[in-house]
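Worksheet for the structure shown next.
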Amino acid sequence: GEDVEQSLFLSVREGDSSVINCTYTDSSSTYLYWYKQEPGAGLQLLTYIFSNMDMKQDQRLTVLLNKKDKHLSLRIADTQTGDSAIYFCAETPGYALNFGKGTSLLVTP
Amino acid sequence: DSGVTQTPKHLITATGQRVTLRCSPRSGDLSVYWYQQSLDQGLQFLIQYYNGEERAKGNILERFSAQQFPDLHSELNLSSLELGDSALYFCASSGSGAGQYNEQFFGPGTRLTVL
């Protein structure tokens, strides 16, 4: 099937904002998710957005959804070194999650 | 801690062998999902069980099979192993089986190395 696309790598300085972009494929996905994977760990749900929303804010996280372009983004404000991880966007074409390849975020002091 | 447990944490075996990975979902969750994470393929959905029955199939090879038992734990069986099966295998669980808000909680994974 088609791939969910994400850029593979992003490097930011501590305190700056990070923006991770994703282009998804399934326009029928009711929910779109962002997961975080820290080294050696499983995936942790960070946030999600319902498909009839354009934006969702959750503390330092802001999700933007452009349904016309099937574009999803995750903005992390005031990025900290502890935010260094791999971030996956995921769509829900059916029961399971269809993930992008993940964006490795490196936060430097 | 997601509440999903997977055993073993690491598994090293030889080509041609068969292994079984085990997953216990969060208490009360009826759905179990298996995913494979590899460097070249990324995170791929393999199979889903809901309350003991197969609900959805993804990119699961014929050499792989799974089942969910009455106590809701699940096992993923991998046979005739090849070098390319080396990967991290995740189990996830959720309360619902359908496409509404369906937060999946992931276990820590089993790292399989085939030599």
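Because only heavy atoms are used, hydrogens play no part in the values below, and waters and symmetry mates are left out as well, while side chains stay in. To find a chain, count down the sequence lines: A is the first, B the second, and so on, and within it residues start at 1.
Interface remark: A:Ala96 contributes backbone and side-chain atoms alike to the contact with chain B (heavy atom separation under 4.5 Å). With a threshold of 4.5 angstrom between heavy atoms, B:Gln44 does not approach chain A through any atom at all. With a threshold of 4.5 angstrom between heavy atoms, A:Gln37 approaches chain B through side-chain atoms but not through N, CA, C or O.
To the nearest 0.5 Å, atom CD of residue B:Glu103 and atom OH of residue A:Tyr35 are 6.0 Å apart. Separation of atoms CG (B:Asp40) and NZ (A:Lys101) is listed at 8.0 Å; rounding is to 0.5 Å.
The neighbour count for B:Leu39 CG, taken as heavy atoms of other residues, nucleotides or ligands under 6.0 Å away, does not exceed 12.
Hydrophobic clustering (side-chain heavy atoms under 4.5 Å, transitive across Ile, Leu, Val, Met, Phe, Trp, Tyr) groups A:Tyr87 together with B:Leu88. Under a hydrophobic-cluster definition in which Ile, Leu, Val, Met, Phe, Trp and Tyr are linked whenever side-chain heavy atoms come within less than 4.5 Å, directly or via other members, A:Leu45 and A:Trp34 are assigned to the same cluster. Residues A:Leu32 and A:Met55 are members of separate hydrophobic clusters, defined by side-chain heavy-atom contacts under 4.5 angstrom among Ile, Leu, Val, Met, Phe, Trp and Tyr. B:Leu46 is not connected to B:Phe105 by any chain of hydrophobic side-chain contacts under 4.5 Å among Ile, Leu, Val, Met, Phe, Trp and Tyr, and they are in different clusters. Under the 4.5 Å side-chain contact rule for hydrophobic residues, A:Val19 and A:Leu72 do not share a cluster.
The backbone N or O of B:Gln104 sits nowhere less than 3.5 Å from a side-chain atom of A:Tyr33 that would complete a donor-acceptor pair.
With contacts defined as side-chain heavy-atom distances shorter than 4.5 Å, the pair B:Tyr33/A:Leu97 does not qualify.
Considering every non-hydrogen atom in both A:Gly42 and B:Phe90, the closest pair reads CA-CE2, 3.5 Å. Nearest heavy atom pair, residue A:Leu43 against residue B:Phe106, reads O-CB, 3.4 Å.
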